[in-house]
Amino acid sequence: MNAARRLVVAVTGASGAAYGVRLLQAMQAAPEWQTHLICSPSGWLTVHHELGMQRPQLEALADVVHNVRDIGAAVASGSFRCDGMVIAPCSMRTLAAVATGVADNLITRTADVMLKERRRLVLLARETPLHLVHLRNMTTVTEMGAIVMPPMPAFYTHPQSVDDIVNHTVGRVLDLFDVPHTGLVSRWAGMRATLAAVNTDVITRETP
């Protein structure tokens, strides 16, 4: 496959497997991109528990699949050309490993490569509530150049289903890599129409 661009997608054991799955599905509509999947053992369990998917079903969504224990895989080297990596969802264990440079499996090693090569690394960190170490780890990876993107619902889009919530977050992730997509994100067009419906005097008073 002669893809011009590559994206590594990692799935870990945090709740929210739908984000990683939907991301891979959305990437299939971008033929100029090649996806490389890495899933942790806990990730496989969560995918099955939350979505009822079997391992071959998830693997079929990616162009290339790497074993999380294969530290010698191509993506483990900075010489492997790619545009970046998304960990969706990102467990607090994985976040901690990335923050401290513990490259003990292919996911954390590849994330370490993204940081050292100054490539985009997006972490869909999934946990709540957050204690101090979680917050400090998020600060650390942000200072290192990663983007921490907790999958927060955008209620201004008036989501009607879980799929709507997942799609909006995935669309925002794709925006970070300039991956073209349609139908995932309801773009914000401003509040003026809403204000007009609620109280026309508000707009009148604020208009210069």
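Just so you know, residue 1 is the first one in the sequence shown, and it goes up from there. The analysis underlying the following values was restricted to heavy atoms, covering all of them including side chains, and did not include hydrogens, waters or symmetry mates.
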Arg172 atom CZ, over 12 foreign heavy atoms within 6.0 Å: no
Connected via hydrophobic side-chain network under 4.5 Å: Met85 and Val122: no
Steps toward side-chain contact (heavy atoms from CB on, under 4.5 Å) verdict (Ile107, Val68): CA-CA 6 Å; Ile107 292 175; Val68 72; 3.9 Å; yes
Minimum-distance pair of heavy atoms, taken over all atoms of Ala18 and Val166: O-CG1, 3.8 Å
Common cluster, Met152/Val170, ILVMFWY with side-chain heavy-atom separation under 4.5 Å: no
Shared hydrophobic cluster for Val9 and Val148 (ILVMFWY, side-chain gaps under 4.5 Å): no
Heavy-atom side-chain contact between Ile165 and Tyr19 under 4.5 Å: yes
Same apolar cluster (I L V M F W Y, side chains within < 4.5 Å links), Trp33/Val64: no
Short side-chain to backbone donor-acceptor contact, Glu32 and Arg5, under 3.5 Å: no
Separation of Asn105 CG from Ile71 CD1 (nearest 0.5 Å): 6.0 Å
Smallest separation among heavy atoms of Ala125 and Met138, with atom names: CB-CE, 3.8 Å
Heavy-atom closest contact (Ala88 atom, Leu124 atom, distance): CB-CD2, 3.9 Å
Check: Leu61 and Leu37 side chains under 4.5 Å, non-hydrogen atoms: no
Flag, side chain of Thr110 to backbone of Leu106, donor-acceptor distance under 3.5 Å: yes
Asp70 side chain vs His66 backbone, donor-acceptor pair below 3.5 Å: no
Inter-residue atom distance His181.NE2 - Leu23.CG, 0.5 Å rounding: 10.5 Å
Donor-acceptor contact present, side-chain Arg109 to main-chain Ala76, <3.5 Å: yes
Heavy-atom pair of closest approach, residues Ala26 and Leu184: CB-CD1, 4.1 Å
Check: Arg69 and Pro41 side chains under 4.5 Å, non-hydrogen atoms: yes
Expected output: side-chain Ser77 to main-chain Ala74 donor-acceptor under 3.5 Å: no
Qualifying residue for side-chain contact (heavy atoms from CB on, under 4.5 Å) with Ser91, from Leu123, Thr12, Val11: Thr12
Distance-only polar pair, side chains of Thr140 and Asn137, donor-acceptor under 3.5 Å: no
Closest contact, heavy atoms only, Val179 versus Ala30: CG1-CB, 3.9 Å
Flag side-chain contact, heavy atom, 4.5 Å: Gln54 against His48: yes
Side-chain H-bond candidate by donor/acceptor type, Asp164 with His158, under 3.5 Å: no
Pairwise distance NE2(His168) to CZ(Phe155) - rounded to 0.5 angstrom: 11.0 Å
Distance (rounded to the nearest 0.5 Å) between Leu174 CG and Asn167 CG: 10.0 Å
Any Trp44 side-chain heavy atom under 4.5 Å of Leu58 side chain: yes
CE on Met92 to CG on Leu130, rounded to 0.5 Å: 6.5 Å
ILVMFWY cluster, Val86 and Val8 together (side-chain gap under 4.5 Å): no
For the student: nearest non-hydrogen atoms of Pro89 and Arg126, plus distance: CB-CG, 3.9 Å
Pairwise side-chain contact, Cys82 with Met114, heavy-atom cut-off 4.5 Å (strictly under): yes
Thr169 OG1 to Met149 CE distance, which is reported to the nearest 0.5 Å: 5.5 Å
Lys/Arg-Asp/Glu bridge criterion (N-O < 4.0 Å) met for Asp104, Arg93: yes
Note, Val113 side chain near Phe80 side chain (heavy atom, < 4.5 Å): no
Heavy-atom donor-acceptor pair, Arg118 side chain to Lys116 backbone, under 3.5 Å: yes
